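Shown next, in structure tokens, is the structure this report addresses.
What you see below is based on every heavy atom in this structure, not just the backbone, and it leaves out hydrogens, waters and symmetry mates. These numbers were taken from a predicted model, which means no experiment stands behind them.
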Amino acid sequence: MLRLRYSLPLSVLSFSLLPLTAAISTAAQAQSANQLEPVTVTTTRGNSEAGETPQKITVINRDEIEQQMAITNDQAQVLSNLIPSYSPSRQKLTNSGETFRGRDPLFLIDGIPQSNPLRDGSRDGYTIDLAMVERIEVIHGASAEHGLGATGGIINFVTRRPEGTELRQHIGVGVSAPTDYESDGLSYETDYRLEGIHGDWDFLLGGAYKSRGLFYDADGRAVGIDQAQGDTMDSQSYDVFMKIGYWLDDTQNLELSVNRFELEGNHDYVGIDGDRANGVPATSVKGDPAGDPVRNEALTTSLSYRNTDLAGNDVRLQLYTQRFRARYGGDTFGTFQDPTIAPAGTLFDQSQNESDKYGAKFTLTRDGLLDGNLKATTGLDLLQDETSQILAQTGREWVPETEFQNAAPFLQLEYQPTDRLSLHGGVRHEYAKLDVDTYTTLASYGSQTVQGGSPRFEETLFNAGVVFQATDWAQLFANYSEGFGMPDVGRVLRAVDEAGQDVDDYVNLEPIVTDNREIGARLSQGAVDFEVSYYESDSDFGSRLALRNGVFEVQREKTEIHGVEADLGWRFREGHRLSASYAHVSGKFDSNDNGVVDTRLDGRNIGPDRLTVRWQANWSPKLTTQVQGNHYFSRGIPGPQLGFDSYQLFDAFAGYRLGKGQVTVGVENLFNEQYITYFSQAASTLDSRFFAGRGRVVSLGYNLDF
């Protein structure tokens, strides 16, 4: 008996009998240069088809992920290389300052939220090793389809699934080093996978391990370690992944998946401040840092059920949990000082975020209504999130334990009145409640007693879009969507510095509702394809981070962002493809609360304009190469000592298939460009965070499937 096997993320991702090597945008089309047949790839709750959505969607396939991983072990850089409107990587253990279309993305693993809205510690992009990921699906722009947090878009890591009918294994090993060779700059990695299908059962077991050395800039100088946010260099990480499925019959499937990820610093180096005024970057030297090593620890579990034909309906149910712990580096920050514990300026401490999520997603889709022209999807999402932030060395509570409960029913419709026209629309009602006990802020905020409470919030969110197939080669689309998010509740609560405040009446806890408008076109004629979109993203009561007393705190202000994204691809010969992507984004906020935006957003809140070029070539069935380049354009940044000088980086990849296995070679920063990272130039004035980027790094890998 033949059964069609598919994965079960409730983000409603792809299911196709064809190889998953096509997508809407240039990023995912690059590897499918010779593939002419369209592939169905869906990233919306309503199972929309690729190339038929009213908003921009990008799908990053496994081949692209592997090529990028052969170049760099920085997961944020992989995203940045393939999503031009995603900010440049900070090359640190943080997503802080890495925005998507100028706002925060919602990270998911198989539809399970990894973001932590109650205390956004910006570590949610580091909860899975990419060796466990089959593809990455991206919705550009604000979306409420997956609930809280997607004010900038959605980045969903879709995990691997069992394939074939026989027992299969995979092993991969790799080593990388700076070309200005230092033994402490060596990095090692390995991953293993065992998978198979037996009768009604299928399973996949995987593991990955990485040991990262010290990073060096192009001048051969050790890169400075981020003693507060934490670093990926001088660290070790592992990921253990399991997925087990059971088929009740030909249409019903149960699936259990578990992913355990941990990254911890080796704690071998201390930072030496740079000199911003004279252009001298921060560096690192051997030492014994105070406190405990930085760490990310995440356990994500999911139990899913799907029935593709329950009285003609496609029904999905997912129950999930996530346990997340993030420990940060420490220092004698002014915020941590308390004269009742230690003399002013001498108290060292470090914080740790703790979050536990429990959730459920139910989705029902019915196709073929109204003579086959209407498809309807309805469902209900439930979430409970319990979060706190402690100061680990002194046991103080920086953010009180906060419980967030969210329930959201939704309805999505897709109607096709003619062969050339499709209409999309939906509504989602968000009901949210916070529970906070009475607490006292730190001494640096005046030891204020804040009365606890249980504020409630309700928002009805709408989306509407249209896709018009003007000709066989030209398609126009337009979309309006609303995103729903909370401000960083923890930052808001911990920063109360006025007496007599009550959680029930604290206006800064109001949700962020983002209005996203987008219009664009997709063209495909012969060997050339092109996609362009213009978007506007506005929020009347937005959220911006501003530096205060050594840490970033939340400012609630009106913000307006707009931008352009364009992708061009050309298959100029068999197996060869040239592509170029351009992303522009700019934004302002209301600095004086008069209802008019008047001040440009800085580099902490918005990324630079960027041009990306890529040449991918399949020279033979054995040899594949890629060369890519990113140019980041100069930008004026408001604020003293801030600004951004352009730089450009090139990378190269080559893969060669042997009789058994494949050898890969990757070169990051091919021309050994010396540069200061975008965040260090445009978002921070601290000498301790004046970081250079990595110099040239060469990576060698070997992979074997058997």
Side-chain angles (χ1 to χ4, degrees), residues 5-13 62 65 75 106-116 123-137 146 155-163 167-172 189-198 200-210 236-248 252-264 295-306 316-326 353-362 381-386:
R5 304 291 174 141
Y6 46 84
S7 58
L8 297 173
L10 273 203
S11 53
V12 192
L13 299 173
R62 183 63 208 170
I65 295 172
Q75 298 194 179
L106 171 63
F107 286 95
L108 306 170
I109 296 178
D110 290 339
I112 302 170
Q114 304 298 298
S115 302
N116 297 287
R123 294 276 191 86
D124 37 359
Y126 297 91
T127 59
I128 190 170
D129 192 292
L130 290 183
M132 303 298 117
V133 175
E134 176 65 30
R135 64 192 182 277
I136 304 170
E137 303 207 2
H146 293 273
I155 299 175
N156 190 14
F157 299 104
V158 184
T159 58
R160 290 180 177 272
R161 63 171 185 247
E163 296 181 351
L167 189 69
R168 302 174 60 188
Q169 298 183 70
H170 163 88
I171 187 168
E189 61 184 81
T190 184
D191 67 281
Y192 173 79
R193 208 168 55 250
L194 173 67
E195 61 187 81
I197 298 175
H198 180 71
D200 294 326
W201 293 88
D202 55 52
F203 71 93
L204 187 150
L205 304 175
Y209 172 80
K210 286 184 172 67
Q236 299 182 64
S237 67
Y238 73 85
D239 194 313
V240 178
F241 177 71
M242 177 191 72
K243 180 178 286 187
I244 299 175
Y246 178 71
W247 290 81
L248 302 171
Q252 297 184 81
N253 174 267
L254 279 172
E255 185 176 81
L256 172 68
S257 67
V258 179
N259 189 72
R260 174 70 164 80
F261 176 86
E262 182 173 328
L263 186 154
E264 184 169 274
R295 183 179 65 184
N296 242 32
E297 178 186 328
L299 175 64
T300 304
T301 64
S302 170
L303 178 62
S304 301
Y305 167 78
R306 183 171 186 178
R316 284 151 292 166
L317 173 65
Q318 182 184 45
L319 307 175
Y320 65 84
T321 68
Q322 193 221 27
R323 181 183 187 274
F324 181 75
R325 301 291 184 267
N353 286 1
E354 301 180 350
S355 178
D356 295 287
K357 298 189 192 69
Y358 310 90
K361 291 186 173 185
F362 171 76
D381 294 343
L382 302 172
L383 171 66
Q384 178 173 300
D385 185 348
E386 299 172 358

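The two residues Gln114 and Thr300 make their nearest non-hydrogen contact at OE1-OG1, 3.5 Å. Closest approach of Asp110 to Lys243, counting heavy atoms only: OD2-NZ, 4.1 Å. The two residues Phe241 and Arg160 have their closest heavy-atom pair at CE2-O, 4.1 Å. Residue Thr159 comes nearest to Ile109 through the heavy atom pair CG2-CG2, 3.9 Å, listed as atom of the first residue, atom of the second, then distance. The shortest non-hydrogen separation linking Thr127 to Phe261 is O-CB, 3.2 Å. Shown here for Leu167 and Phe203, the closest heavy-atom pair between the two residues is CD1-CZ, 3.6 Å.
Without hydrogens or angle criteria, Thr190 side chain to Gly172 main chain gives a donor-acceptor distance under 3.5 Å. For the pair Asn296 (side chain) and Tyr126 (backbone), a donor-acceptor distance under 3.5 Å is present. Put simply, the side chain of Asn156 never gets that close to the backbone of Glu137: no donor and acceptor are under 3.5 Å apart. Of the possible donor and acceptor atoms, one in the side chain of Lys357 sits under 3.5 Å from a partner among the backbone N and O of Ser115. The closest donor-acceptor contact from the side chain of Asn253 to the backbone of Gly245 lies at 3.5 Å or more, if one exists at all. Between the Asp202 side chain and the Pro162 main chain, no donor and acceptor come within less than 3.5 Å of each other.
Side-chain contact between Tyr320 and Pro113 is present, with heavy atoms from C-beta onward closer than 4.5 Å. Using a 4.5 Å heavy-atom threshold, the side chains of Leu256 and Met242 count as touching. Inter-residue side-chain proximity for Asp191 and His170 is flagged as met; some heavy-atom pair is nearer than 4.5 Å. With a 4.5 Å cut-off on side-chain heavy atoms, Tyr305 and Leu248 count as touching.
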_Working for side chain to side chain contact (heavy atoms under 4.5 Å, CB included), residues Val258 and Leu299_ = CA-CA 7 Å; Val258 179; Leu299 175 64; 3.9 Å; yes
_side chain to side chain donor-acceptor pair (under 3.5 Å), that's the test. Do Glu386 and Tyr358 meet it? Break it down for me._
CA-CA 9 Å; Glu386 299 172 358; Tyr358 310 90; 5.2 Å; no
*Evaluate side chain to side chain contact (heavy atoms under 4.5 Å, CB included) for Val133 paired with Ile65, printing each intermediate quantity in order.*
CA-CA 8 Å; Val133 175; Ile65 295 172; 4.1 Å; yes
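With rounding to the nearest 0.5 Å, the separation of CH2 in Trp247 from CG in Leu254 is 10.5 Å. To the nearest 0.5 angstrom, Glu264 atom CD is 11.0 Å from Ser237 atom OG. Rounded to the nearest 0.5 Å, atoms CD (Gln169) and CZ (Arg193) are 10.5 Å apart. Between the CG atom in Leu319 and the OG1 atom in Thr301 there is a gap of 9.5 Å [rounded to 0.5 Å]. We find the CG-OG distance between Leu303 and Ser257 to be 8.5 Å, quoted to the nearest 0.5 Å.
Between Glu195 and Arg161 there is no salt bridge, since no side-chain N of the basic residue sits under 4.0 Å from a carboxylate O of the acidic one. Arg260 has a carboxylate O that lies under 4.0 Å from a charged side-chain N of Glu297, or vice versa, which qualifies the two as a salt bridge. A salt bridge links Asp356 with Arg325: the closest approach of a Lys/Arg side-chain nitrogen to an acidic carboxylate oxygen falls below 4.0 angstrom.
Checked options Leu130, Asp129, Leu108; the residue passing with Phe157 is Leu130 (criterion: side-chain contact (heavy atoms from CB on, under 4.5 Å)). When the options Glu255, Gln322, Gln318, Lys361 are evaluated for a side-chain contact (heavy atoms from CB on, under 4.5 Å) with Ser302, the one that passes is Gln318.
When only modelled atom types and interatomic distance are considered, Asp385 and Ser355 share a side-chain donor-acceptor pair under 3.5 Å.
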